[in-house]
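Just so it is clear: chains get the letters A, B, ... in the order the sequence lines come, proteins before strands, and each one is counted from 1.
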2 protein chains.
Amino acid sequence: MTPTPSATLAQPATPTPSATLTGPRPAAARLTIAEAAERTGLTTHTLRYYERDGLMLRAVERTSSGHRAYGEGDLVWITLLTCLRATGMPIREVKVYAELVRSGEGNELVRLDLLQSHRARVLAQLAEVTSHLGAIDNKIGVYTAKLEAAGLDFERAATG
Amino acid sequence: MTPTPSATLAQPATPTPSATLTGPRPAAARLTIAEAAERTGLTTHTLRYYERDGLMLRAVERTSSGHRAYGEGDLVWITLLTCLRATGMPIREVKVYAELVRSGEGNELVRLDLLQSHRARVLAQLAEVTSHLGAIDNKIGVYTAKLEAAGLDFERAATG
DNA sequence: ATCTGCCTTGGAGTGCGCTCGAAGTCAAGT
DNA sequence: ACTTGACTTCGAGCGCACTCCAAGGCAGAT
């Protein structure tokens, strides 16, 4: 394939000055945008779009050449984003949540509220979809019965 | 409110020549588009859009003045449309289904296939949403615990 | 030195599903 | 006769969430 993509970035123990910015741990692995895309199931386009749109907690780190370098924390956050988005939270609301988290401690109650009302909406929507699915199941039952009957007719005709 | 809206249309036993077109029954009640909208939960805009877009089985009947007059069959069909749409079937696929039904008997197997693969997709999506909801529930649990702990601290501080 | 390939940016484009507006018709009420 | 209000059509507009493009930068391989 291609040469190791994260050549300049993933030097496991390099004492880069920015290492201390992320935390006390020496140096976490950094991923290129393509790798992050693969891990998260999003496209690179979408990852850039999310960052542009303010859905990330902070700007993603960069290598010396300006390429994005995703850390473990970024991936964890993107995973949460994906949960919220996949359950139907609009981007504008995800953004609100991100802003709350970004602004630090003290608003946990607001965040909880936001998550809980989202949860309620999701439950309602699950119930609705399930009920509509029931109606579709009925329809499927009708067609199945119809075709089974036709099948019997056919069998009778073929056998008789 | 407004005077009886369906004045010209809903004359229960009028032997209008078009009555026989719908079926052997004398005269089914006909609804204005506004009434149909109210019953189905769609807007009048959406009802017209669906018809324009070929989602209806046939053009909705009209009064002498050109107004739409929805019959029971139309409402039943719209209800099915709503089930399909609410479970995430794209309009283009609903259209395919409508075309199958429109083209008469003989393609029941194809219709069944379509409904069953839709059903499978819906089940998959329900599972996905449910699983992501679980992750969100965890997050909610974390915040709840955090706030409960803070609440205890607060209580201790207030009491002590 | 040049080629390859992944990355960067800002901005434009796409697909879906409505949603709305303008201009006009019709029937009933005053 | 005129006003009101619900309806008609056609076509444009909108919000959402991507998705893509053009032009360019940088690093490693040949």
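Whole-Å rounding puts the E38(A) CD to dC7(C) C1' distance at 17 Å. When rounded to the nearest whole Å, the span between CG of L31(B) and C1' of dA6(D) equals 15 Å. Rounded to a whole Å, the CG atom of L47(B) is 13 Å from the C1' atom of dC7(D). The distance from atom NE2 of H67(A) to atom P of dG28(D) is 11 Å, rounded to the nearest whole Å. Straight-line distance from the NE2 atom of H45(B) to the C1' atom of dC14(D): 13 Å, rounded to whole Å. The CG atom of D53(B) sits 11 Å away from the P atom of dC16(C) (whole-angstrom rounding). The nearest whole Å value for the distance from the CD atom in E51(A) to the P atom in dC7(C) is 14 Å.
Checked by atom type and distance alone, the side chain of R85(B) never pairs as donor or acceptor with a backbone atom of L80(B) at under 3.5 Å. Remark: the backbone N or O of A36(B) is not paired with any side-chain donor or acceptor of E38(B) at under 3.5 angstrom. A donor-acceptor pair is defined here as one N or O able to donate and one able to accept, closer than 3.5 Å; no such pair exists between the side chain of R119(A) and the backbone of L123(A). Of the possible polar contacts, none joining the T46(B) side chain to the L42(B) backbone as a donor-acceptor pair under 3.5 Å is found. In terms of modelled atom types and a separation under 3.5 Å, the side chain of R92(B) and the main chain of V96(B) share no donor-acceptor contact.
In this model, the phosphate group of dC7(D) is approached by a side-chain N or O of T32(B) to a distance below 4.0 Å at OP1 or OP2.
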I would like to know whether E61(B) and R68(B) meet salt bridge (Lys or Arg N to Asp or Glu O under 4.0 Å); could you show each step before the answer? CA-CA 6 Å; E61(B) 228 181 286; R68(B) 287 174 180 81; over 6 Å; no

Hey, what are the protein-to-nucleotides 15-18 of chain D N/O distances that come in under 3.5 Å?
{"from": "dC16(D)", "atom 1": "OP1", "to": "R92(A)", "atom 2": "NE", "distance (Å)": "3.2"}
{"from": "dC16(D)", "atom 1": "OP1", "to": "R92(A)", "atom 2": "NH2", "distance (Å)": "2.8"}
{"from": "dA17(D)", "atom 1": "OP1", "to": "I91(A)", "atom 2": "N", "distance (Å)": "3.4"}
{"from": "dA17(D)", "atom 1": "OP2", "to": "I91(A)", "atom 2": "N", "distance (Å)": "3.2"}
{"from": "dC18(D)", "atom 1": "OP2", "to": "Y50(A)", "atom 2": "OH", "distance (Å)": "3.0"}
{"from": "dC18(D)", "atom 1": "OP2", "to": "R85(A)", "atom 2": "NE", "distance (Å)": "3.0"}
{"from": "dC18(D)", "atom 1": "OP2", "to": "R85(A)", "atom 2": "NH2", "distance (Å)": "3.1"}

Could you go over nucleotides 9-11 of chain C and give all protein N or O partners under 3.5 Å, atom names and distances?
{"from": "dT9(C)", "atom 1": "OP1", "to": "R62(A)", "atom 2": "NH1", "distance (Å)": "3.4"}
{"from": "dT9(C)", "atom 1": "OP1", "to": "R62(A)", "atom 2": "NH2", "distance (Å)": "3.1"}
{"from": "dT9(C)", "atom 1": "OP2", "to": "R68(A)", "atom 2": "NH1", "distance (Å)": "2.9"}
{"from": "dT9(C)", "atom 1": "OP2", "to": "R68(A)", "atom 2": "NH2", "distance (Å)": "2.7"}
{"from": "dG11(C)", "atom 1": "N7", "to": "R52(A)", "atom 2": "NH1", "distance (Å)": "3.2"}
{"from": "dG11(C)", "atom 1": "O6", "to": "R52(A)", "atom 2": "NH2", "distance (Å)": "3.2"}

Give every pair of a protein N or O atom and an N or O atom of nucleotides 2-4 of chain D that lie under 3.5 Å apart, one pair per line with the distance.
none

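Between W77(B) and Y97(B), the angle of the ring planes stays under 30°, which puts this pair in the parallel group of the 30/60° scheme.
Of all heavy-atom pairs spanning A98(B) and G54(B), the tightest one is CB-O, 4.0 Å.
Looking at D113(B) and S117(B), their side chains never bring a donor and an acceptor atom within 3.5 Å of each other. Between the side chains of T32(A) and H67(A), no donor-acceptor pair is found at a separation under 3.5 Å. With no hydrogens or angles considered, no side-chain donor-acceptor pair links R30(B) and Y70(B) at under 3.5 Å.
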